[in-house]
Amino acid sequence: MSSPLRFDRGHTDDLMAFLMAGPSPYHAVAAAASKLEKAGFRQVEETAAWDGTTGGKYVLRGGAIVAWYVPEGAGAHTPFRIAGAHTDSPNLRVKPLPDTGAHGWRQIAVEVYGGTLLNTWLDRDLGLAGRISLRDGTHRLVDIDRPLLRVPQLAVHLDRSANPDGLKLDRQKHMQPIWGLGDVEEGDLIRFVAEEAGVDAEDVTGWDLMPHPVEAPSYLGRDRELVAGPRMDNLLSVHAAVAALAAVAGQPDAQIPYIPVLAAFDHEENGSQSDTGADGPLLGTVLERSVFARGGTYEDRARAFAGTVCLSSDTGHAIHPNYGERHDPTHHPVVNGGPILKVNVNMRYATDGSGRAVFASACEKAGVPWQTFVSNNSMPCGTTIGPITAARHGIQTVDIGVAILSMHSARELCGADDPHLLATALASFLAG
């Protein structure tokens, strides 16, 4: 007999809807903001003067969002508890001159973004999403969520070596999607996108567009104990952090000793060096302005930062059944085993023994199981926003996440229990 479903079905269902609502970082932060608005948060503009009122607030900048909740009685030097994540995923991005083609096929010129697994984008029905910039300085979100593009794979009859020797893809020649037949017409794609967005093509002066798989996330497995879907790296963490922040903000203020914060950045997959990336000034500026808006001084700012802790949440590697030798022999994170603590002594992850204690305490208080991940010594270790956050702001940072398979694929795989376990641990941490 199949075992009963153990995970929080509502949370996992909501994650799947969130993945579909976030085909680009711009859509992801809009979806996150919508959830926070429903929890009583309000947007503040960076160009406006901030006040020291209590309650939930958030800032949007491009594909990044920083949100925080100031409880009644918080002092100017009250430390922050930060749940960090990133909104971008490895994918394909439309080039500035997108209209191309060959041999009667109309194609879209794209650039490879981040360390995507190229083969996973082949022979998929792809939509197109992102934002367009208008002549008046405003932006418009665009989501063409239907089969529009396809990167066609070469037939095995024309590449007999593909199976025995492995598929070899040239990032420039082989990854340009087709989207129709006929002669190439300059400006054709943007005219089409503008029409879909309900604006005049002459008013479109810039764009940040990216193909996305249109197949919806789904449960799979005998007992539906797994979830497959796009952009889990790292919208799974963004969704969990939003849920955790909203839950903590709903508690009585007297029970919140810290100022809980969500910081979800763009451009993690290509180094975080942008005005919306973790290596930019956004987080530090928001935290400082929050201190100063509450009447604080530089001394208060220094005290607040000294007591601040960040849990940097990103996906990690679950033990792979077909490639067990690629993992560390004694550290085998499993799906549905709870969030993972990510450790690397060379500081590719920011975790140290003190940070381990903070994370363990939060999980213990929440009744959440947790695991530890380290890389095989012979394999280079990945990294995320954790070390950047620690170094840039002088904030104690701990790298955590959820163990998945198929990381950086167009469609990734996680355990159906783990998203809710992560959100529960984050809520425990943010609540202090």
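The heavy-atom pair separating E72 from D253 by the smallest distance is N-OD2, 2.8 Å. Residues Y349 and C381 approach most closely at CE1-SG, 3.4 Å, considering heavy atoms. Across all their heavy atoms, W207 and V94 have their closest contact at NE1-CG1, 4.2 Å. Of all non-hydrogen atoms in K57 and G52, the two that sit nearest each other are NZ-C, 4.4 Å. Considering every non-hydrogen atom in both P211 and L126, the closest pair reads CB-CD1, 4.1 Å. When all heavy atoms of I65 and A32 are compared, the closest pair comes out as CD1-CB, 4.4 Å.
Within a 6.0 Å radius of CG in L158, more than 12 heavy atoms belonging to other residues, nucleotides or ligands are found. Environment of CD in E195: sparse, with no more than 12 heavy atoms of neighbouring residues, nucleotides or ligands closer than 6.0 Å. Residue W50 qualifies as enclosed at atom CH2: its count of foreign heavy atoms under 6.0 Å is above 12.
The closest donor-acceptor contact from the side chain of H320 to the backbone of N322 lies under 3.5 Å. Panel note: side chain E412, backbone D233; a donor-acceptor pair is recorded below 3.5 Å. When atom types are taken as modelled, the side chain of D99 and the backbone of D188 share a donor-acceptor pair closer than 3.5 angstrom. In terms of modelled atom types and a separation under 3.5 Å, the side chain of D136 and the main chain of T138 share a donor-acceptor contact. A donor-acceptor pair under 3.5 Å is absent between the side-chain atoms of S406 and the main chain of S409, judged by distance alone. Between the side chain of S313 and the backbone N or O of S237 there is no donor-acceptor pair closer than 3.5 Å. Although no hydrogens or angles enter the test, the distance criterion places no donor-acceptor pair under 3.5 Å between the side chain of K173 and the main chain of L169. Looking at K342, its side chain does come within 3.5 Å of a backbone N or O of T315 through a donor-acceptor pair. Using modelled atom types, one side-chain atom of Q176 and one backbone atom of V110 make a donor-acceptor pair closer than 3.5 Å. In terms of modelled atom types and a separation under 3.5 Å, the side chain of N336 and the main chain of D417 share a donor-acceptor contact.
For an aromatic pair to be called close, the ring centres must be under 6.0 Å apart, and W370 with F359 satisfies this. With ring centers used as reference points, H267 lies 6.0 Å or more from H86.
Applying the side-chain hydrogen bond (donor to acceptor under 3.5 Å, both in side chains) test to S218 and every residue at least two apart in sequence or in another chain returns R411.
With 3.5 Å as the limit, one finds a donor-acceptor pair spanning the side chains of E37 and Y58. Defined by atom type and a distance below 3.5 Å, a donor-acceptor pair is missing between the side-chain atoms of H408 and T116. Using modelled atom types and a 3.5 Å distance limit, the side chains of D159 and S161 yield a donor-acceptor pair. In this model, no donor atom of one side chain and acceptor atom of the other lie less than 3.5 Å apart for H27 and D143. T285 and R61 share no donor-acceptor pair across their side chains, judged by distance under 3.5 Å alone. Between the side chains of S272 and D279, no donor-acceptor pair is found at a separation under 3.5 Å.
One finds the CE atom of M175 at 8.5 Å from the CH2 atom of W121 (value rounded to the nearest 0.5 Å). One distance of note links CD1 of I108 with CD1 of I178; it measures 11.0 Å at 0.5 Å rounding. In this structure, CD1 on I190 lies 10.0 Å from CG on L97, to the nearest 0.5 angstrom. Summarising the geometry, atom CG belonging to N234 is positioned 8.5 Å from atom CG belonging to D88; distances are rounded to the nearest 0.5 Å. Here CZ of R231 is found 7.5 Å from CE of M20. Values are rounded to the nearest 0.5 Å. The NE2 atom of H317 sits 12.0 Å away from the CZ atom of R326 when rounded to the nearest 0.5 Å.
Side-chain contact between V335 and I404: absent, with no pair of heavy atoms (C-beta onward) separated by less than 4.5 Å. When side chains are defined from C-beta on, E269 counts as touching P90, because their heavy atoms get closer than 4.5 Å. With a 4.5 Å cut-off on side-chain heavy atoms, D399 and P387 count as touching. Contact of the V309 side chain with the I395 side chain is not registered, since no non-hydrogen atoms from C-beta on lie closer than 4.5 Å. Residues V261 and L287 are in side-chain contact: their nearest non-hydrogen atoms beyond the backbone lie under 4.5 Å apart. V204 has its side chain within reach of L134: a pair of non-hydrogen atoms, C-beta onward, lies under 4.5 Å apart. At a threshold of 4.5 Å between non-hydrogen side-chain atoms, the residues D208 and Y26 count as touching. H212 is not listed as a side-chain neighbour of L92, based on a closest heavy-atom distance of 4.5 Å or more.
In summary, E196 and R140 do not engage in a salt bridge, as defined by a charged side-chain N under 4.0 Å from a carboxylate O. Taking a cutoff of 4.0 Å between a charged side-chain nitrogen and a carboxylate oxygen, R93 and E111 do not qualify as a salt bridge. Taking a cutoff of 4.0 Å between a charged side-chain nitrogen and a carboxylate oxygen, D14 and K35 qualify as a salt bridge.
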Donor-acceptor pairs under 3.5 Å, side chain of residues 422-432 to any protein atom, not counting sequence neighbours: which ones?
unit_1	atom_1	unit_2	atom_2	d
T424	OG1	H420	O	2.8
S428	OG	A362	O	2.7

Worksheet item: Going through the distances and angles, do W105 and L181 end up as a side chain to side chain contact (heavy atoms under 4.5 Å, CB included)?
Response: CA-CA 5 Å; W105 294 98; L181 301 171; 3.5 Å; yes
Worksheet item: Can you check salt bridge (charged side-chain N to carboxylate O under 4.0 Å, His left out) on R294 and D51, steps first, answer last?
Response: CA-CA 7 Å; R294 286 177 279 120; D51 58 45; over 6 Å; no
Worksheet item: side chain to side chain donor-acceptor pair (under 3.5 Å) between R303 and Y298: does it pass, once the steps are laid out?
Response: CA-CA 9 Å; R303 292 174 65 189; Y298 184 82; over 6 Å; no
Worksheet entry | Worked verdict on V193 versus L209 for side chain to side chain contact (heavy atoms under 4.5 Å, CB included) | CA-CA 10 Å; V193 171; L209 299 170; 4.1 Å; yes
Worksheet entry | Derivation and outcome, side chain to side chain contact (heavy atoms under 4.5 Å, CB included), residues M232 and L19 | CA-CA 7 Å; M232 290 184 179; L19 295 175; 4.2 Å; yes
Worksheet item: Given V402 and I340, is the side chain to side chain contact (heavy atoms under 4.5 Å, CB included) satisfied, shown in steps?
Response: CA-CA 6 Å; V402 162; I340 56 174; over 6 Å; no
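Residue pairs meeting the ring-ring contact (aromatic ring centres under 6.0 Å, His included) criterion with at least one partner in residues 147-198, sequence neighbours excluded, are W179-F192.
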